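Structure first, commentary second.
All figures in this text were calculated on a predicted structure; none of them were measured in a lab. The sequence lines fix the lettering, A, B, ..., with proteins before strands; numbering per chain opens at 1.
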Amino acid sequence: DNGLPTERRVQNYYGVRCEPSLPYDPDFTAPEPMVKKGERPVQNVSRRNFIELCELLTAEDEKAFEQTWRHLGLSVDWSRTYTTIGRHAQRVSQRAFLRLLAKGEAYQAEAPTLWDVGFRTAVAQAELEDREHAGAWHRISFHRHDGQPVHIETTRPELLPACVALIAHPDDERYQGLFGQTVTSPVFGVEVPVVAHPAAEMERGAGIAMCCTFGDLTDVQWWRELKLPTRTIVGRDGRILAEPPAGLDGEQGRKAYAELAGATVHTARERVVGMLRESGDLDGEPKKTVRPVKFYEKGDKPLEIVSSRQWFIRSIAHQDDMLRRGEELRWHPAYMKARYDDWVRGLNGDWLVSRQRFFGVPFPVWYPVDSAGEPAYESPILPGEDQLPVDPSSDTPPGYTEDQRGKPGGFVGDPDIMDTWATSSLTPQIACGWEEDPELFAQTFPMDLRPQAHDIIRTWLFATVLRAQLENDSLPWYHAALSGWILDPDRKKMSKSKGNVVTPLALLEQFSPDAVRYWAANGRPGTDTAFDQGQMKIGRRLATKLLNASKFALSFPEPAAGAEITEALDYAMLSALDVVIGQTTEALEAFEYTSALERIERFFWFFCDDYLELIKQRAYDEDGGAATQSARLALRKALSSLQRLFAPFLPYCTEEAWSWWHTGSVHTAGWPTADNAAGGDRGEVITLASTAISAIRKAKSDAKRSMRSPVESVRIQGPAAQLEALTSIGGDLRAAGNVEALEFAADGEELRIEVQLAEV
RNA sequence: GGGCGCAUAGCUCAGCGGUAGAGCACCUCCCUUACAAGGAGGUGGUCGCAGGUUCGAUCCCUGCUGCGCCCACCA
């Protein structure tokens with residue numbers, strides 16, 4: 001409900017852009033959705049109008065999502081929904097933030113920050129990704145006082161005016177004589193020191209690097225550790241700032257800088273290269289290269305590093321606690337824990353939670369404005385918890401009046417919003433009624449399970465564990481179940497840019513939710529699953545089969561009150577079912593839902609293909625007496641368990657079939673227990689039954705006869721124990737195979753079945 | 001560069017010390033009183049490669065190869 005994707009969607013959908021300087025227009029109405037991109041000029045709207053458009057569109061999207069989830073048969077309490085942008089979530093999020101602030105776990109700092117120039121916001125470490133990006137190595141001459149050149153190599157020549165030092169490794173023989181001296185940058189004529197630092201790599205490029213404020217995170221490290229000056233030239237819009245930085249004082253340098261002012265980074269690069277070429281300081285031609293560059297995962301331009309004031313939540317200080325929590329948490333599958341550990345150990349800074357965006361939970365903070373009109377960031381004004389949620393851009397802080405906003409001696413609201421994860425990380429607190437419903441909270445927190453995909457371990461999962469640690473000194477849940485992704489049929493990740501996304505609603509219509517769930521359940525925890533319509537067809541067939549089998553089993557009169565299981569095959573089937581119930585229950589408790597489904601399914605096909613066929617005649621028999629009663633009772637017992645076993649996977653067909661003979665819902669019926677056969681496993685009986693009936697069928701199939709065709713005799717040889725078992729189900733075998741004579745002969749260790757078909 | 005996972009039938013995947021399994025696909029057959037949007041039967045594999053442990057390895061160990069993912073590196 002909040003975050004950059006929503007903002008981008010609103011921008012594209014309505015063709016608008018948020019312009020915070022515009023006043024709110026109460027008469028503003030939502031523009032017609034754009035049919036195609038760029039069909040009309042982008043309209044600037046005020047922040048509040050923009051947020052209203054976001055709310056409008058997310059409300060529509062929520063309906064679509066709920067429809068999909070309901071259609072899919074998601075079993076949740078629909079009376080307890082919330083939105084992460086709603087008042088309740090905002091209140092929880094702001095309260096948790098204020099608590100962190102009071103404990104010193106949240107703080108603000110002015111620091112170089114990774115910045116997306118497209119979205120114009122800071123981004124966090126967890127939201128970075130590397131992408132291959134084309135560039136070129138430029139070999140550039142700096143100048144010593146004696147006129148000798150010092151060559152550096154850079155892929156970002158446009159940052160030349162932001163250069164604050166040259167850096168080489170302290171052990172590098174080539175530059176020993178230069179350390180402590182200064183050199184002059186080409187074109188811009190700025191004198192910069194040559195400094196030694198171990199992070200410089202001798203083998204890379206020329207072995208000596210140009211440190212700029214800021215080209216990359218190594219620059220930030222050097223700048224911080226070597227206390228270098230700041231010469232910022234890239235603005236938050238990704239363009240070269242209008243004014244040259246301090247230190248770029250020479251007339252020629254300023255003239256050159258003027259040529260760059262206002263240009264994009266890309267254009268500035270071309271211009272600087274032109275200037276270098278003209279001055280003779282470009283050594284050779286640029287050499288094309290492709291190297292990984294940091295991007296915001298949702299952005300389309302490389303990140304810049306700009307200095308700005310941001311809010312952070314401490315995480316580095318809690319690394320050990322986080323690792324310990326990772327140990328306590330039960331991971332499904334267990335190996336996914338490695339990603340978490342890897343992430344926690346690799347944290348290189350505190351969590352940056354402020355975003356310079358609009359549609360999100362605002363920071364509940366104002367600042368006094370001093371007599372010179374400057375905000376005093378070091379002494380924020382905070383609301384009481386009972387006032388939450390607040391929007392500092394429209395609510396007035398305690399002790400002030402609205403007409404003091406932005407005035408000297410007055411106040412300003414913090415303009416930033418929180419990162420989406422800063423609120424989503426409180427999912428358990430929001431849902432469990434933290435600080436608002438103590439009884440519910442006591443019953444539900446920590447929660448049992450976090451189900452999520454593995455790609456957001458470093459964001460959602462990590463942040464949730466961190467917040468529960470900081471706020472509740474506990475895990476947020478006991479188990480984490482990591483699902484894989486749905487891949488397209490070529491096993492590529494589905495993504496909008498590739499255009500290979502399949503939305504679920506059409507599938508639900510085409511194959512039925514049961515079929516789609518059947519396919520999805522075949523994706524084991526942690527394993528990616530290729531999109532496979534074939535599996536959905538099988539799921540659909542399974543659901544149909546369950547309906548048909550239920551119809552058949554229920555077509556017989558209800559067994560009499562005193563009916564008992566008297567026949568060996570019925571007893572054996574029920575005892576096998578008991579085993580399956582036990583295994584399935586165990587698998588589900590271990591989060592092995594795929595194994596659970598496999599076991600139920602395997603039994604169910606035996607039940608349909610062999611058992612039903614074998615007892616059919618006996619169940620039909622009007623004068624069958626106890627044997628018929630036994631079959632009819634066994635059918636109902638088995639059906640009751642099977643419908644409940646399948647219910648979590650195939651909620652619709654099971655509910656339908658259950659309704660044919662029960663009043664309540666199958667989904668609130670008790671989970672089946674392994675007591676259908678009242679103890680004792682006669683599994684070998686059904687194995688032998690299947691073997692025998694298969695042999696009879698094979699004989700008919702080989703002879704290209706119908707399955708109903710009569711059999712003159714079946715002669716079974718083998719060990720006495722097996723023959724005894726087979727004898728006990730002889731009546732069913734004869735009826736199902738249409739067998740005239742069934743003979744047994746104890747002989748040898750191996751079971752042999754000879755089938756003599758009747759003459760045609 | 002570090003880590004994790006995967007490699008088994010044409011395809012999708014189970015199995016994991018004791019003679020290789022399922023479904024799909026393919027082939028053959030069957031309108032049979034739950035089901036033809038069905039059903040029955042069948043063909044098909046030196047379980048990635050090389051070593052080791054073991055009486056015995058698809059399974060355990062080591063190395064290699066290939067694929068995927070996560071992280072790091074970004075002068």
Side-chain angles (χ1 to χ4, degrees), chain A residues 125 128-133 135 137-138 140 152-157 159 163 166-168 199-201 204-212 215-219 222 289-294 302-303 333-343 345-346 348 454-455 457-458 484-485 487 489 491-493 519 522-524 526-535 537-542 544-556 594-595 598-599 601-602 605 608-609 612-613 616-617 619-620 635 693-709 738:
Chain A
Q125 185 190 353
L128 305 182
E129 66 182 29
D130 289 352
R131 289 183 209 163
E132 293 294 324
H133 198 62
W137 288 102
H138 302 73
I140 295 172
I152 60 102
E153 288 186 25
T154 181
T155 55
R156 301 207 55 186
L159 292 178
C163 179
L166 297 192
I167 318 263
E201 296 175 37
R204 181 185 224 121
I208 186 163
M210 163 173 91
C211 173
C212 306
D216 60 37
L217 291 173
T218 316
D219 285 345
W222 286 329
T289 180
V290 176
R291 81 271 189 229
V293 173
K294 282 201 191 310
L303 291 171
Y335 63 74
M336 281 295 172
K337 174 173 172 292
R339 298 199 181 186
Y340 172 89
D341 289 342
D342 198 19
W343 174 251
R345 291 201 187 94
N348 59 23
H454 54 62
D455 56 332
I457 289 174
R458 64 175 178 168
W485 285 332
L487 306 176
R491 304 201 65 80
K492 297 273 181 292
K493 189 184 176 186
W519 157 72
N522 278 290
R524 298 181 121 75
T527 307
D528 296 342
T529 310
F531 177 74
D532 184 0
Q533 299 206 344
Q535 283 296 114
K537 286 182 191 156
I538 297 165
R540 193 178 169 83
R541 192 177 62 142
L542 176 63
T544 306
K545 193 81 172 176
L546 184 71
L547 291 174
N548 279 322
S550 297
K551 185 175 86 181
F552 175 69
L554 296 172
S555 67
F556 301 105
T594 305
S595 306
E598 269 178 3
R599 291 193 175 113
E601 203 182 352
R602 198 184 312 141
W605 285 109
C608 292
D609 293 343
L612 289 186
E613 294 301 327
K616 193 178 274 183
Q617 298 304 321
Y620 272 126
L635 281 175
I693 192 71
S694 289
I696 295 169
R697 284 172 183 154
K698 180 166 162 48
K700 293 180 180 178
S701 191
D702 287 350
K704 300 189 194 297
R705 298 271 184 89
S706 151
M707 288 300 129
R708 286 309 281 161
S709 66
N738 198 9

Separation between the [atom1] atoms of [N] and [M], rounded to whole Å:
N	M	atom1	answer
rC60(B)	rC47(B)	C1'	16 Å
rG48(B)	rA20(B)	P	14 Å
rU54(B)	rG42(B)	C1'	38 Å
rG23(B)	rG66(B)	P	35 Å
rA14(B)	rG56(B)	P	30 Å
rG21(B)	rC59(B)	C1'	14 Å
rG17(B)	rC13(B)	C1'	22 Å
rA36(B)	rU19(B)	C1'	38 Å

Sugar-phosphate only, base, or nothing, as touched by [X] at under 4.0 Å among non-hydrogen atoms:
X	value
Arg156(A)	nothing
Glu129(A)	nothing
Arg697(A)	sugar-phosphate
Trp519(A)	nothing
Leu554(A)	nothing
Cys608(A)	base
Ser595(A)	nothing
Asp219(A)	nothing
Thr218(A)	sugar-phosphate
Lys545(A)	base
Ala553(A)	nothing

In this structure, how many angstroms lie between the [atom2] atom of [N] and the [atom1] atom of [X], rounded?
X	N	atom1	atom2	value
Tyr340(A)	rC69(B)	OH	P	25 Å
Asp528(A)	rU12(B)	CG	P	14 Å
Asp455(A)	rC70(B)	CG	C1'	10 Å
Leu217(A)	rC73(B)	CG	P	7 Å

Donor-acceptor contact below 3.5 Å, side chain [X] vs main chain [Y]:
X	Y	answer
Thr544(A)	Arg540(A)	yes
Ser555(A)	Phe552(A)	yes
Asp528(A)	Trp485(A)	yes
Lys700(A)	Arg705(A)	no

When you measure from the side chain of [X], which nucleotide among [options] comes out closest?
X	options	value
Arg458(A)	rC71(B), rG5(B), rG3(B)	rC71(B)
Arg708(A)	rG39(B), rC70(B), rU33(B)	rU33(B)
Arg524(A)	rA75(B), rA14(B), rU12(B)	rA14(B)
Asp216(A)	rG2(B), rC35(B), rA75(B)	rA75(B)
Asp130(A)	rA14(B), rC35(B), rC73(B)	rC73(B)
Arg540(A)	rA37(B), rG2(B), rA75(B)	rA37(B)
Ala338(A)	rA75(B), rC4(B), rA14(B)	rC4(B)

How many angstroms lie between [atom1] in [X] and [atom2] in [Y], if you round to the nearest 0.5 Å?
X	Y	atom1	atom2	value
Arg541(A)	Asn548(A)	CZ	CG	12.0 Å
Ile538(A)	Glu601(A)	CD1	CD	8.0 Å
Ile167(A)	Ile152(A)	CD1	CD1	11.5 Å
Met210(A)	His138(A)	CE	NE2	10.0 Å

Exercise. Can you check each nucleotide of nucleotides 25-30 of chain B against protein heavy atoms at under 4.0 Å and return B for base, S for sugar-phosphate only, - for none, in 5' to 3' order?
Key: ---SSS
Which atom of [X] lies closest to which atom of [Y], heavy atoms considered:
X	Y	answer
Cys608(A)	Lys545(A)	CB-CE, 3.8 Å
Thr594(A)	Arg524(A)	CG2-NH1, 3.3 Å
Thr218(A)	Asp216(A)	N-OD1, 2.8 Å
Gly215(A)	Leu159(A)	CA-CD1, 3.4 Å
Leu217(A)	Lys294(A)	CD1-CE, 3.7 Å
Ala200(A)	Ala168(A)	CB-C, 3.5 Å

Quiz item: Dot-bracket for RNA chain B, 5' to 3', counting Watson-Crick or G-U wobble pairs under 3.5 Å, with [ ] for crossing pairs and | for inter-strand pairs?
Solution: (((((((..((((....[..)))).(((((.......))))).....(((((..]....))))))))))))....
Exercise. Look at Thr544(A) and rA37(B) and indicate whether a side-chain polar atom (N or O) is within less than 4.0 Å of OP1 or OP2.
Key: no
Self-check item: Distance test, side-chain N/O of Thr529(A) to OP1/OP2 of rU12(B), below 4.0 Å
Solution: no
Practice problem: Between Arg602(A) and Ser694(A), just flag the one whose closest nucleotide in RNA chain B comes earlier from the 5' side. | Solution: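 Whichever sits nearer the 5' end wins; that is Arg602(A).
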Quiz prompt | RNA chain B: 5'-proximal contact among Met336(A) and Ala549(A) (nearest heavy atom) | solution =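 Whichever sits nearer the 5' end wins; that is Met336(A).
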Pairs under 3.5 Å (N/O, protein and nucleotides 19-24 of chain B):
unit_1	atom_1	unit_2	atom_2	d
rC24(B)	OP1	Arg541(A)	NH2	3.3

Quiz item: Once the angle between the rings of Phe531(A) and Trp519(A) is folded into 0 to 90°, is it parallel (under 30°), tilted (30 to 60°) or perpendicular (over 60°)?
Solution: perpendicular
